[in-house]
Amino acid sequence: DNAPTKQRKDRVAYYYHADIGHYHFAPGHPMKARTPIIPALSFRAMTHNLVVNYGLHQKMEIIRPNPATLQEMTKFHSDEYIDFLQRVTPENVSDISKNPQKFNVGEDCPVFDGMFEFSALSAGGSLAAAAKLNRGDADIAINWGGGLHHARRGEASGFCYVNDIVLSILELLRVHQRVVYIDIDVHHGDGVEEAFYGTDRVMTVSFHKYGEFFPGSGSLKDTGMGKGKKYAVNCPLRDGMDDASYKSVFRPIMSAVMQFYRPSVVVLQCGADSLAGDRLGCFNLSMRGHAQALEYMKTFNVPILMLGGGGYTIRNVARTWTYETALAVGHELPTELPFNDYFQYYGPEYKLDVPSGNMENLNNREYLEKVVSIILDNLRDLPH
Ligand code: ZLS
Ligand code: ZN
């Protein structure tokens, strides 16, 4: 069974709470409709429904997480901010805080009913998943309700209120000396990078669209500071990244990270807004191109915490995360979609695959080679 060519059979723990699929951000907000902007709702439920109808629940342990407690959230967030999140409602937002702008709630991060409960469930799932890996009780733990990488210590940002990723990495650091964080959402993983910018115990690696795009950070030159210098990696990309281009940057960079840094656990944020046809994204990845990140990281035989993130063409998010769940358990899926509660959303093809589109790729080979070579030079300087 140890033959290197053979895929290891992983023990997978999958965290899902039925409530996570059913929050509505704000009336009049486009995401309350069938095509949510904010990844809080239907597509978590849609993914889970597809996972179950493919029979994947029989191949892994399904666990219903508890909401994260205030004490757990304040391991990263400030007391004042968590207190605000817990108490604020759409009705009292103007009374409760003289200055709600202080916590950056507003257009991108509306105060909606259940906002705190939603965030607590998202964080509770990621925390429980991290603890499961810490105990050695699973090889891969999945929380599609997590991955909210923009939330900061004292404020909300980019549809994210509580940073479940930072919290779960803090949990992993109780047992693991070195943690690698990989972010394949189309947006820069700024909140996680910032939290660990000054430490060498977490290496953050983000692949994202850079240039006139939210949140604006994540340039090649941002590599960490103090003890954390060289332990933040940013791969800035242009519109139209296709599968081959993505692979040509992801593999050499992650190979060097794993070789030089030698982490004992990997956290993979699987934001699906890097797929072709995403409503907010601008990349051109197919489902299989997106999943090659996980496929490649599995070959290192290190435990993996898989998290969700963005994704705004919901039928494609559900397809891709279901496929990645199957990849985690090592089970091949028929491309014909099984009947499920959301079947009509998958027409007219009713197939599993998300194909790439025909958009122009603004990342030419020279550009990508240059980016990779600068990143590899930085990594070679690490103490080893
Ligand atoms: O990574 O670009 C921005 C900031 C603005 C433009 C939008 N307005 C509303 C605020 C100011 C500069 N925000 C981004 C945030 C993207 C967050 C990605 C999260 C993640 O995928 C992880 C989960 C943005 N892009 C698009 C919108 N906001 C946006 C589009 C449409 C709407 C409706 C609801 C709200 C206001 C009108 C909104 C936001
Ligand atoms: Zn995103």
Side-chain angles (χ1 to χ4, degrees), residues 20-21 23-44 47 90 100-101 103-112 115 118-119 121-123 125-126 143-152 155-166 168 181-195 204 206-218 234-237 239 241 246 267-285 290 293 306-314 316-318 320-321:
I20 199 109
Y23 288 102
H24 291 252
F25 266 56
H29 203 283
M31 90 128 187
K32 118 187 184 347
R34 278 183 296 161
T35 48
I37 281 281
I38 301 185
L41 12 91
S42 12
F43 68 73
R44 318 271 178 191
T47 301
Q101 254 120 46
F103 303 110
N104 199 31
V105 292
E107 273 196 311
D108 272 351
C109 306
V111 173
F112 64 93
M115 172 188 79
F118 161 74
S119 302
L121 282 179
S122 159
S126 300
N143 179 29
W144 295 129
L148 303 180
H149 57 178
H150 298 306
R152 307 177 70 177
E155 62 182 73
S157 173
F159 318 161
C160 307
Y161 303 85
V162 171
N163 200 316
D164 63 291
I165 310 174
V166 171
S168 60
Y181 171 69
I182 309 165
D183 190 316
I184 64 168
D185 192 284
V186 74
H187 299 97
H188 178 229
D190 58 347
V192 185
E193 177 183 275
E194 181 181 71
T204 59
S206 181
F207 299 84
H208 49 270
K209 151 82 177 176
Y210 182 75
E212 288 170 54
F213 199 65
F214 186 87
S217 50
N234 281 300
C235 187
L237 303 167
D239 288 17
M241 280 298 285
Y246 208 84
V267 178
L268 180 58
Q269 196 268 19
C270 301
D273 48 9
S274 41
L275 289 168
D278 187 82
R279 278 179 74 208
L280 295 191
C282 50
F283 284 176
N284 196 19
L285 298 180
H290 188 272
M306 289 164 58
L307 303 172
Y312 307 95
T313 301
I314 58 176
N316 292 343
V317 179
T320 301
W321 288 353

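Indexing begins at 1, ligand by ligand and atom by atom, following the structure's order. For this chain, numbers begin at 1 and follow the sequence in order.
- If you take NE2 on His188 and SG on Cys235, they are separated by 11.0 Å, rounding to the nearest 0.5 Å.
- Residue-level proximity to ligand 1 for Phe213 is absent, since no heavy atom of it falls below 4.0 angstrom.
- Taking the Zn ion (ligand 2) as the corner point, the angle from Asp273 atom OD2 to His187 atom ND1 is about 100° (rounded to 10 degrees).
- Applying the side chain to side chain donor-acceptor pair (under 3.5 Å) rule to Asn316 yields the partners Arg319; only residues at least two apart in sequence or on another chain are considered.
- Counting all heavy atoms, side chain and backbone alike, Arg279 lies closest to Tyr312 at CD-O, 3.3 Å.
- Which parts of ligand 1 touch Asp273 is read off a 4.0 Å heavy-atom cut-off, strictly below it: atoms 21 (O).
- Only side-chain heavy atoms of Leu280 come within less than 4.0 Å of ligand 1; its backbone N, CA, C and O stay farther off.
- Of all atoms in ligand 1, numbered sequentially from 1 with element shown, those under 4.0 Å from a heavy atom of His187 are 1 (O), 16 (C), 18 (C), 20 (C), 21 (O).
- Between Ser157 and Asn104, the side chains place no donor N or O within less than 3.5 Å of an acceptor N or O (distance only, hydrogens not considered).
- Taking every non-hydrogen atom of Glu107 and a distance limit under 4.0 Å, the qualifying atoms of ligand 1 come out as 8 (N), 9 (C), 10 (C), 35 (C).
- Of the N and O atoms on the side chains of His208 and Asp183, not one donor lies less than 3.5 Å from an acceptor on the other residue.
- Below 30°, between 30° and 60°, or above 60°: for Phe207 and Tyr246 the angle between ring planes is between 30° and 60°, a tilted geometry.
- In summary, the atoms of ligand 1 found under 4.0 Å from a heavy atom of His149, numbered by their order in the structure, are 1 (O), 20 (C), 22 (C).
- No other N/O/S atom of Asp185 lies as close to the Zn ion (ligand 2) as OD1 does.
- In this structure, Tyr161 and Pro110 approach most closely via the heavy-atom pair OH-O, 2.6 Å.
- Among the backbone and side-chain atoms of His149, none of the N, O or S atoms lies under 2.8 Å from the Zn ion (ligand 2).
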